[in-house]
Amino acid sequence: MKKSLIFVLMASILSGALNAGFAMEAKAADLTEDERDKFEDYLEDNLKEDFFSSKTQGSLYGASFTLADVNDDGHDDLVITGALGLRTMTFSEVYMHIGNKYVAVPINGTISKIDKNSIYVTTEDYEQAGAIRYSYREVFNISKKGKVTCKLAHKKSVMYYDVDKEKEYPEGRLLSRVFYKDEKKVKKATYKAELKKYSFKKLKFKEINEDNIEEAFDD
């Protein structure tokens, strides 16, 4: 397999996973004083020299954060996303105030958009050094108690190089494409019709560093 093709594939996957064109600024306007302090402490306490130590996802590299009300309770939540450091896998975490405690809700992939209590998550992965690429687009509901439910999913796998036949597919050869609604397989038309019911707004993440933490939470 040509090295140039592998390089382009891997670079494009990682770029898409970590730079999704976010548009909503991190802000602390919709936080109580306690939430502001807890979120700031959580970021500062888990910020290491080369990575962010997620409460649920482990070490996240190139981690970033934003504030958004993902469970529609009237208060912003702390949303964190970063790379696992393995292939192009990314993970996210929502650190939120529920009742008398704070909980961290893990999400596989990158949270890129929200609509009330719904989040839009993108996941990119591959195998065989990029010969086969996987792409997931999922919509999850997050309740006020932090329960996560998958409402919609579009999962696709594409082959760019057949290892057995030593044959390249520069444009990609579709291996599978499956659509789900409430975790049950549905037709593409059903999936698209359901997706149109949402009014997602893009998020804008900031790198987790001391300056950005101070800017987001200090008066």
Side-chain angles (χ1 to χ4, degrees), residues 3-28 38-68 70 76-96 102-114 119-138 140 142 146 148 150 153 155-158 160 202-218:
K3 290 184 179 180
S4 59
L5 176 60
I6 292 293
F7 177 80
V8 171
L9 288 173
M10 294 176 66
S12 63
I13 296 172
L14 186 58
S15 175
L18 296 179
N19 300 283
F22 304 115
M24 291 177 64
E25 290 286 352
K27 56 186 178 61
K38 290 289 187 180
F39 292 171
E40 183 175 11
D41 288 346
Y42 185 73
L43 289 173
E44 291 179 340
D45 292 346
N46 293 287
L47 177 59
K48 310 303 178 182
E49 183 176 355
D50 299 318
F51 61 91
F52 180 82
S53 181
S54 163
K55 196 179 190 72
T56 62
Q57 303 286 31
S59 300
L60 297 179
Y61 298 88
S64 55
F65 76 99
T66 191
L67 294 163
V70 302
D76 279 350
D77 308 294
L78 177 61
V79 182
I80 298 167
T81 189
L84 179 64
L86 175 66
R87 302 192 303 276
T88 53
M89 296 176 66
T90 59
F91 288 99
S92 299
E93 178 182 74
V94 179
Y95 190 60
M96 60 175 62
Y102 288 81
V103 300
V105 179
I107 301 290
N108 291 346
T110 298
I111 300 173
S112 60
K113 296 182 282 189
I114 66 168
I119 57 175
Y120 187 86
V121 179
T122 61
T123 305
E124 308 290 343
D125 199 7
Y126 67 85
E127 63 176 276
Q128 299 179 14
I132 298 177
R133 250 172 90 172
Y134 300 96
S135 174
Y136 299 164
R137 301 292 180 265
E138 299 169 287
F140 295 96
I142 300 184
V148 180
C150 184
K155 300 184 177 184
K156 181 175 67 172
S157 62
V158 179
Y160 288 88
K202 292 182 179 179
L203 297 171
K204 183 174 182 178
F205 287 77
K206 292 185 177 181
E207 179 186 353
I208 301 179
N209 59 44
E210 293 181 359
D211 289 341
N212 286 337
I213 294 173
E214 182 178 355
E215 180 181 349
F217 294 98
D218 289 356

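Nothing here was measured: the structure is a model prediction, and the numbers come from that model. The basis for the numbers below is simple: all heavy atoms, side chains too, and nothing from hydrogens, waters or symmetry mates.
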Kindly indicate whether the side chain of Glu138, heavy atoms from C-beta on, has any atom under 4.5 Å from the side chain of Ile119. no
Separation of Tyr126 OH from Ile132 CD1 (nearest 0.5 Å): 13.0 Å
Residues in ring-ring contact (aromatic ring centres under 6.0 Å, His included) with Phe140, at least two apart? none
Please test Ile111 against Thr81 for side chain to side chain contact (heavy atoms under 4.5 Å, CB included), starting from the C-alpha separation and ending with a verdict. CA-CA 7 Å; Ile111 300 173; Thr81 189; 5.9 Å; no
Does the Thr66 side chain pair with the main chain of Lys204, one donor and one acceptor, at a distance under 3.5 Å? yes
Provide the closest heavy-atom pair for Thr122 versus Thr90 in the form atom of the first, atom of the second, distance. O-OG1, 4.3 Å
Please, which pairs that meet side chain to side chain donor-acceptor pair (under 3.5 Å) have at least one residue in residues 40-54, sequence neighbours excluded? Tyr42-Glu93, Ser54-Glu93
Please check if the side chain of Ser92 supplies one atom and the backbone of Gly109 the other of a donor-acceptor pair under 3.5 Å. yes
List the steps and the verdict of side chain to side chain contact (heavy atoms under 4.5 Å, CB included) for Phe52 and Leu43. CA-CA 8 Å; Phe52 180 82; Leu43 289 173; 4.1 Å; yes
If you compare all heavy atoms of Ile208 against all heavy atoms of Phe65, which two are closest, and at what distance to 0.1 Å? CG1-CD2, 3.7 Å
Distance from Glu207 atom CD to Ser64 atom OG, nearest 0.5 Å? 8.5 Å
From Glu215 CD over to Glu210 CD, what is the distance, rounded to the nearest 0.5 angstrom? 14.0 Å
Taking the side chain as every heavy atom from C-beta outward, state whether Tyr134 and Glu124 have any pair of such atoms under 4.5 Å apart. no
May I have the step-by-step check of side chain to side chain contact (heavy atoms under 4.5 Å, CB included) for Met96 and Ile142, ending in yes or no? CA-CA 11 Å; Met96 60 175 62; Ile142 300 184; 3.8 Å; yes
Quick check for you: to the nearest 0.5 Å, what is the distance between Ile107 atom CD1 and Phe91 atom CZ? 11.5 Å
To check you understand the geometry: which heavy-atom pair defines the closest contact between Ala104 and Pro106, and what is its length? O-CD, 3.6 Å
Take Val121 and Thr110 through the side chain to side chain contact (heavy atoms under 4.5 Å, CB included) test and state the conclusion after the steps. CA-CA 5 Å; Val121 179; Thr110 298; 5.7 Å; no
Do Lys156 and Arg137 have side chains that get closer than 4.5 Å, going by heavy atoms? no
What distance do Met89 atom CE and Asn108 atom CG have between them, rounded to the nearest 0.5 Å? 7.0 Å
Output the distance between atom OH (Tyr136) and atom NZ (Lys155), rounded to the nearest 0.5 Å. 5.5 Å
Residues at least two apart in sequence or cross-chain that pass ring-ring contact (aromatic ring centres under 6.0 Å, His included) with Tyr120, listed by chain then number, are Phe200
Examine distances only and state if a side-chain atom of Asp77 and a backbone atom of Val94 form a donor-acceptor pair shorter than 3.5 Å. no
Does Lys38 have more than 12 heavy atoms from other residues, nucleotides or ligands lying within 6.0 Å of its NZ? no
Minimum heavy-atom separation for Asp76 to Phe39, with atom names? O-CE1, 3.5 Å
